[in-house]
Amino acid sequence: MPFATSLKTEEELLSRARVLAGQSIAAIAQRLGRQVPPNLRRAKGWAGELIERALGAAAGSKAGPDFPQLGIEVKTVPVARDGRPCESTHVCAASLADVVGIHWENSPVRRKLVRVLWVPVEAEAGVPLGQRRIGQAMLWSPTPEQEQQLRLDWEELMELIALGRADEIRGEQGVYLQLRPKAASGRARTKAPNAAGELTATLPRGFYLRPAFTAQILAGHYAIAR
DNA sequence: GTTTGATCATGT
DNA sequence: ACATGATCAAAC
């Protein structure tokens, strides 16, 4: 039986993640027989994929959670020395067209965040990628309060999209959940309704969790060993 | 083009 | 310093 399917409980997954805590990127990469790129500039998702492989997730992209049998999504989050996240966290693409029938309960955003294994990765500027260490992972589901916060932002954003006003949405909107470009380049296009209800080409967007939100999730955990 | 994984780079 | 808008790579 492959490594990836040997996991039966989320406790087992968490245990695996705990083993990674304190280990360097270089050590994990070496064990998996992978070369550490000089930096992440041309390999932005490299560390995330490395951690998923180290945890036993299936390789490559596919729909659904990283651990389908457990319903768990893995998110690596870059953290500063103080344990606070350096960046926003991408959740999923926003379906700008065909917004009818989508409610928070069946939304991709909620489904993605039902159960998440957060894996902090040291991201201090000046620390070479290979020397960066993995922090203490934590298994998380939104508290009722957190889910309500996300839901309010989501509903506000989705209403604007439904009204054909996606192009007016700025990254400033949303207390904890924001909508920002998510594309290969500024020339990328997808379909979205305009104010007249006609489908027109527009920049693809995605939902992101603000650092302030992930910070409250990670609060209280020692993300990086001292 | 979309979805997977995200971080970069510039303006405020 | 920090967030927004822009972008990188691979699989499909």
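Note that the structure is predicted; figures quoted are calculated from it, not measured. Here is how names work: the chains are called A, B, and so on, in the same order as the sequence lines, proteins then strands, and each is numbered from 1.
- The base of dA3(C) has none of its N or O atoms less than 3.5 Å from a complementary donor or acceptor on the side chain of Tyr208(A).
- Going from atom CZ of Arg84(A) over to atom P of dA1(C) covers 15 Å, rounded to whole Å.
- Note: CD (Glu87(A)) to P (dT7(C)) measures 16 Å, nearest angstrom.
- Of the residues in residues 173-198 of chain A, those placing a heavy atom less than 4.0 Å from an atom of DNA chain B are Arg180(A), Lys182(A), Arg189(A), Thr190(A), in numerical order.
- Contact annotation: the side chain of Leu50(A) never approaches that of Val36(A) to less than 4.5 Å [non-hydrogen atoms, C-beta and beyond].
- Under a 4.0 Å N-O distance rule, the pair Arg151(A)/Glu155(A) qualifies as a salt bridge.
- Of the residues near DNA chain B, Ala123(A) and Cys92(A), the one whose nearest nucleotide (by heavy atom distance) lies more toward the 5' end is Cys92(A).
- Under the 4.5 Å side-chain criterion, counting only non-hydrogen atoms from C-beta, Leu150(A) is not in contact with Glu147(A).
- Listed in residue order, the members of residues 26-44 of chain A having a heavy atom less than 4.0 Å from DNA chain B are Leu40(A), Arg41(A), Lys44(A).
- Between Lys112(A) atom NZ and dT3(B) atom P the separation is 10 Å, expressed in whole Å.
- Taking a cutoff of 4.0 Å between a charged side-chain nitrogen and a carboxylate oxygen, Asp66(A) and Lys75(A) do not qualify as a salt bridge.
- Within the structure, every side-chain polar atom (N or O) of Thr89(A) is placed at least 4.0 Å from both OP1 and OP2 of dA6(B).
- Under 4.0 angstrom from either OP1 or OP2 of dG5(C) there lies at least one side-chain N or O belonging to Arg170(A).
- Looking at Glu11(A) and Arg18(A), no side-chain N of the basic residue comes within less than 4.0 Å of a carboxylate O on the acidic one, giving no salt bridge.
- Near DNA chain C, meaning a heavy atom under 4.0 Å from it, residues 153-166 of chain A has no residue at all.
- The shortest distance between side-chain heavy atoms of Ile25(A) and Gln131(A) does not fall below 4.5 Å.
- Taking the side chain of Glu172(A) as heavy atoms from C-beta on, and the options dA3(C), dG5(C), dT4(B), the nearest nucleotide is dG5(C).
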Is there a side-chain contact (heavy atoms from CB on, under 4.5 Å) between Glu159(A) and Leu163(A) once you walk through the steps?
CA-CA 6 Å; Glu159(A) 180 165 5; Leu163(A) 291 172; 4.1 Å; yes

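- With rounding to whole Å, Arg111(A) atom CZ is found 10 Å from dT4(B) atom P.
- For Leu203(A), the side-chain atoms get nearest to dA6(C) when compared with the rest of dT7(B), dA3(C), dA6(C).
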